[in-house]
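Residue numbers start at 1 and run along the sequence shown. Hydrogens, waters and symmetry mates are skipped; everything else that's a heavy atom, side chains included, is used.
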Amino acid sequence: MSIEENINQKALLGKRAEDLSNLIEQQTQPIFDSLGIIVPIKSCSTLLTLLELKQASLVDIAKQLGQSHQLVKQKLPKLIKLGLIQQHSDKEDKRRTLYSLTSKGKQQTKKIKEYLKQSADLVDSISEEIGVDIFEAIDKAAGALQGESLLERFKRKQ
């Protein structure tokens, strides 16, 4: 790979991270299918959060996940349609909608938790193969960007 190609690849870090995320999702889906998990892969954390919180508003879920409420809001209709979560008005504040797991959602969450125990070994095997702890590297990269944003780094280089 030429220096120019290498520079262009590094400039597309976000795309590379998204490509990796998509590859993981594609390769996880057959595992979910074999385990009878119908939860969309990128919605597992939402169900696990509702298991922990019992019931929560959109804002509560987003805060717990560290995601925007718009992103979480996009996931909820599909989870409702799949019969995994239910929504109801808050008795104390009728303007607020609360979400909770259905019995089907609780069953699916149990299957997800079982998968997560096994997936740790899968991730460890990849980390060993490439000689880098994947989680540690991702956490370090995120921490570095939280400490100094890309914009701040860009301005510093000017």
Practice item. Report yes if the side chains of Lys15 and Asp19 come closer than 4.5 Å at any heavy-atom pair, otherwise no. Key: yes

**Study point:** Thr109 side-chain N/O to Gly105 backbone N/O, donor-acceptor pair under 3.5 Å
**Key:** yes

Review point. Are any of the side-chain heavy atoms of Lys42 and Pro40 separated by less than 4.5 Å?
Key: no

Check your understanding: Judged by modelled atom types alone, do Asp124 and Ser127 share a side-chain donor-acceptor pair under 3.5 Å?
Key -> no

Point to revise | Leu58 side chain reached by Arg96 side chain, heavy atoms, under 4.5 Å | key: no

Check your understanding: Under 4.5 Å between any side-chain heavy atoms of His69 and Ile61, yes or no?
Key -> no

Exercise for review: Test Lys78 against Leu82 for side-chain contact (heavy atoms from CB on, under 4.5 Å), laying out the working first.
Suggested key: CA-CA 6 Å; Lys78 182 160 189 171; Leu82 288 169; 4.1 Å; yes

Practice item. Identify the heavy atoms of Ser43 and Leu79 that sit nearest to each other, and give their distance. Key: CB-CD2, 3.9 Å

Review point. Should Glu136 and Lys140 be marked as a salt bridge (charged side-chain N to carboxylate O under 4.0 Å, His left out) after you check the CA-CA gap, both sets of side-chain angles, and the distance that decides it?
Key: CA-CA 6 Å; Glu136 185 179 316; Lys140 282 183 177 180; 3.2 Å; yes

Review point. Could you walk me through whether Cys44 and Phe32 pass the side-chain contact (heavy atoms from CB on, under 4.5 Å) check?
Key: CA-CA 11 Å; Cys44 288; Phe32 271 33; 3.5 Å; yes

Check your understanding: Do Lys113 and Leu51 come within less than 4.5 Å of each other through their side chains, counting heavy atoms only?
Key -> yes

Point to revise | Any side-chain donor near an acceptor of the partner, Asp60 and Gln64, under 3.5 Å | key: no

Exercise for review: Decide yes or no for Pro77 and Ile80: does some side-chain heavy atom of the first lie under 4.5 Å from some side-chain heavy atom of the second?
Suggested key: no

Exercise for review: Give the minimum heavy-atom separation between Arg153 and Ala144, together with the two atoms involved.
Suggested key: NH2-O, 2.7 Å

Exercise for review: Measure the shortest side-chain to side-chain distance between Leu48 and Ile112 over non-hydrogen atoms and say whether it is less than 4.5 angstrom.
Suggested key: yes

Point to revise | Results of salt bridge (charged side-chain N to carboxylate O under 4.0 Å, His left out) for Glu52 - residues two or more places apart only | key: none

Review point. Is there a donor in the side chain of Gln86 and an acceptor in the side chain of Thr102, or the other way round, less than 3.5 Å apart?
Key: no

Practice item. Verify the neighbour count for atom CD of Glu129: are there more than 12 heavy atoms of other residues, nucleotides or ligands below 6.0 Å? Key: no

Check your understanding: Leu35 versus Lys111: any side-chain heavy-atom pair under 4.5 Å?
Key -> no

Check your understanding: Do you know which two heavy atoms are closest between Val123 and Ile134, and how far apart they sit?
Key -> O-CD1, 4.4 Å

